[in-house]
Structures are given as C-alpha cells and as structure tokens.
Amino acid sequence: MNSKQIKQQSLQSLKGNWGIGALFTFIYFLISSVPTVVAEMVLIPYPEWEETLSYAVINLAIAIILLPFAITFMLAYLTMVRDSKLRIGELFTGFKYFSFFRAIGISILQSIYIFFWTLLLIIPGIIKGMAYSQAVYILRDHPELSVNQAITESRKMMHGHKWRYFVLNLSFIGWAILGIFTLGIGYLWLSSYFLTAHAHFYEDLKTSQAKEKQAIV
C-alpha cells in the first residue's frame with residue numbers, strides 16, 4: 001500500500017476511537033511529564049544542582065524509566081488496528097507482550113546503533129533509524145527473539161521499503177505544522193493518526209512478506 005492508502009485505512013480504524021485516542025495521548029503526556037516536573041519542583045530550592053552531574057543523572061534515569069511507556073503507547077495502536085478498539089488499559093498492560101527491562105533494552109540498543117551510524121553522517125543515521133523502526137512491533141509478535149534479533153529482523157523487513165516509510169512520515173508534516181497553530185492541542189488527535197498509520201504500515205509489511213514467502217514455496 002502507498003501512503004495515501006495507509007492513511008485511509010488509519011482513518012477507518014480510528015472511527016469511534018478518536019475521543020479515546022485524544023484521552024490516551026493526554027494520559028501518556030501526563031505520565032511522561034509529571035516525573036520531570038516533580039523533580040524540577042523538588043530541586044527549586046537548590047538551583048546549583050542544575051550545574052551538577054547528579055542533575056544530569058536524575059534526568060537520564062527518568063528518561064530511561066519512561067522509555068517502556070513510549071513503547072506501550074505505540075503497541076496500543078497495533079492492538080487497535082487488529083481488534084478495532086483502542087483501550088486505555090493498553091498503556092499499562094503493554095508489558096504483557098515483553099518485559100519492562102526488554103522494553104528499555106530495545107530502546108537503548110536502537111539508540112546506540114543509530115548514534116554510531118550518525119557519527120559517520122546524519123543521513124546514514126536516519127536511514128538506519130528507519131531500518132530499525134519495526135523492531136518493537138516484531139518483538140511484540142515474536143517475544144522469543146532477543147532484542148538484537150528483533151532489530152536485525154526489522155532491518156531485513158525494511159529492505160526496499162525505507163523510502164515508502166520516509167514518504168509516509170513526510171506526509172504528516174503539514175498536520176504537524178497545523179498542530180502548532182492549535183497551541184499543541186491538535187497533537188492529541190494527530191498522535192493517534194500517526195501511530196495508527198505506523199501500525200498499518202507494519203501490518204502491510206507483514207502481509208507482503210508472507211505473500212513473498214508463499215510465492216517462493
């Protein structure tokens with residue numbers, strides 16, 4: 001499917017789910033923002049802390065702890081695409097697919113690989129980021145794989161499809177700019193649209209791969 005078809009399917013999947021999607025995004029925003037805000041408030045009487053290594057370590061720790069919630073946020077939309085229903089509980093039960101620590105592991109390993117490719121040039125880093133983009137979905141469907149194996153499978157799956165993935169992401173730029181003029185409120189709905197499109201992209205890749213394997217057999 002091309003980007004237009006994927007987006008059309010995404011809109012179809014979101015029928016009856018737009019409201020819960022906006023609430024879902026808002027709850028995720030609170031989960032990802034509150035720890036940082038609380039830490040900042042606690043440290044207000046100690047402004048000198050912002051200059052210390054401890055401050056950086058605290059922020060890094062918060063960011064790492066929150067990584068799995070970003071993954072469950074993504075996976076909830078894959079479940080919606082398959083079951084036709086977005087459920088708030090998926091934000092907290094996403095770890096049923098793989099553990100909290102594996103969620104952290106795949107996020108960190110992807111980031112390390114992309115970082116080293118980016119050291120060569122920005123473009124290779126972007127390309128590898130796209131190549132590894134399906135790893136979380138693959139690990140969700142194949143929990144028997146290691147984190148590194150899921151990343152490798154993503155790279156294989158995305159062979160010949162990275163441009164299509166790039167165009168799909170590019171097609172949301174207009175909506176992202178429009179969201180700025182809504183003071184960010186529009187992102188409550190845009191995030192659902194964006195992640196649903198990504199879920200459909202993965203499903204399309206899986207279907208295409210299955211057909212190719214059947215043709216070979």
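A heavy-atom distance below 4.5 Å is found between the side chains of Ile6 and Arg164. When side chains are defined from C-beta on, Leu11 counts as touching Trp18, because their heavy atoms get closer than 4.5 Å. Side-chain atoms of Ser192 and Leu14, non-hydrogen and from C-beta on, do get closer than 4.5 Å to each other. Looking at Met1 and Gln9, their side chains come closer than 4.5 Å, going by heavy atoms from C-beta outward. The side-chain heavy atoms of Tyr137 and Glu203, taken from C-beta on, include no pair separated by under 4.5 Å. Looking only at side-chain heavy atoms (C-beta outward), Thr79 and Arg140 come within less than 4.5 Å of each other. In this structure, the side chains of Trp175 and Leu178 come closer than 4.5 Å at one or more pairs of heavy atoms. Inter-residue side-chain proximity for Ser191 and Phe73 is flagged as met; some heavy-atom pair is nearer than 4.5 Å.
One finds the NE2 atom of His200 at 12.5 Å from the CD atom of Gln5 (value rounded to the nearest 0.5 Å). Once rounded to the nearest 0.5 Å, the distance linking OG of Ser84 with CD of Gln12 reads 9.5 Å. Distance check: Asp204 CG to His161 NE2 gives 8.0 Å after rounding to the nearest 0.5 Å. Atom NZ in Lys156 sits 10.0 Å away from atom CD in Gln209 (nearest 0.5 Å). Considering CD of Gln110 and NZ of Lys128, their distance stands at 13.0 Å, rounded to 0.5 Å. For the atom pair Ile31 CD1 and Thr72 OG1, the distance stands at 7.5 Å (nearest 0.5 Å).
Hydrophobic clustering of Ile, Leu, Val, Met, Phe, Trp and Tyr side chains at less than 4.5 Å, counting indirect connections, keeps Phe115 apart from Leu121. Leu183 and Leu30 are not part of a single hydrophobic cluster, where members link through side-chain heavy atoms under 4.5 Å apart. Under the 4.5 Å side-chain heavy-atom criterion for ILVMFWY residues, a single connected hydrophobic cluster contains both Leu190 and Phe181.
When every heavy atom of Ile71 is checked against every heavy atom of Ser107, the shortest pair comes out as CD1-OG, 3.2 Å. Taking each heavy atom of Ser13 and Thr196 in turn, the nearest pair found is CB-CG2, 4.0 Å. Closest of all the heavy-atom pairs between Ala199 and Leu78 is CB-CA, 3.8 Å. His198 approaches Asn169 most closely through the heavy-atom pair NE2-OD1, 2.8 Å. Of all non-hydrogen atoms in Ile104 and Pro68, the two that sit nearest each other are CG1-CG, 3.4 Å. Shown here for Leu139 and Leu145, the closest heavy-atom pair between the two residues is CD1-O, 3.5 Å.
Of the possible polar contacts, none joining the Asp83 side chain to the Lys85 backbone as a donor-acceptor pair under 3.5 Å is found. No donor-acceptor distance shorter than 3.5 angstrom exists from the side chain of Ser154 to the backbone of Ala150, with no hydrogens or angles considered.
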- Task: For the pair Tyr77 and Phe24, evaluate side chain to side chain contact (heavy atoms under 4.5 Å, CB included) and give the outcome as yes or no after the intermediate values.
- Result: CA-CA 10 Å; Tyr77 287 92; Phe24 197 72; 3.6 Å; yes
- Message: Met130 vs Phe166, test: side chain to side chain contact (heavy atoms under 4.5 Å, CB included). Steps then yes/no.
- Response: CA-CA 8 Å; Met130 291 189 288; Phe166 176 76; 3.6 Å; yes
- Item | Ile126/Trp117 under side chain to side chain contact (heavy atoms under 4.5 Å, CB included): CA gap, chis, key distance, verdict | CA-CA 8 Å; Ile126 293 173; Trp117 278 104; over 6 Å; no
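Every residue two or more places apart in sequence or in another chain that forms a side chain to side chain donor-acceptor pair (under 3.5 Å) with Lys7 is listed here: Ser171.
Checking Tyr193 against Ser10 by side-chain atom types alone, no donor-acceptor pair falls below 3.5 Å. With no hydrogens or angles considered, a side-chain donor-acceptor pair links Asn148 and Tyr113 at under 3.5 Å.
When the options Tyr202, Tyr132, Phe201, Phe172 are evaluated for a ring-ring contact (aromatic ring centres under 6.0 Å, His included) with Tyr165, the one that passes is Phe201.
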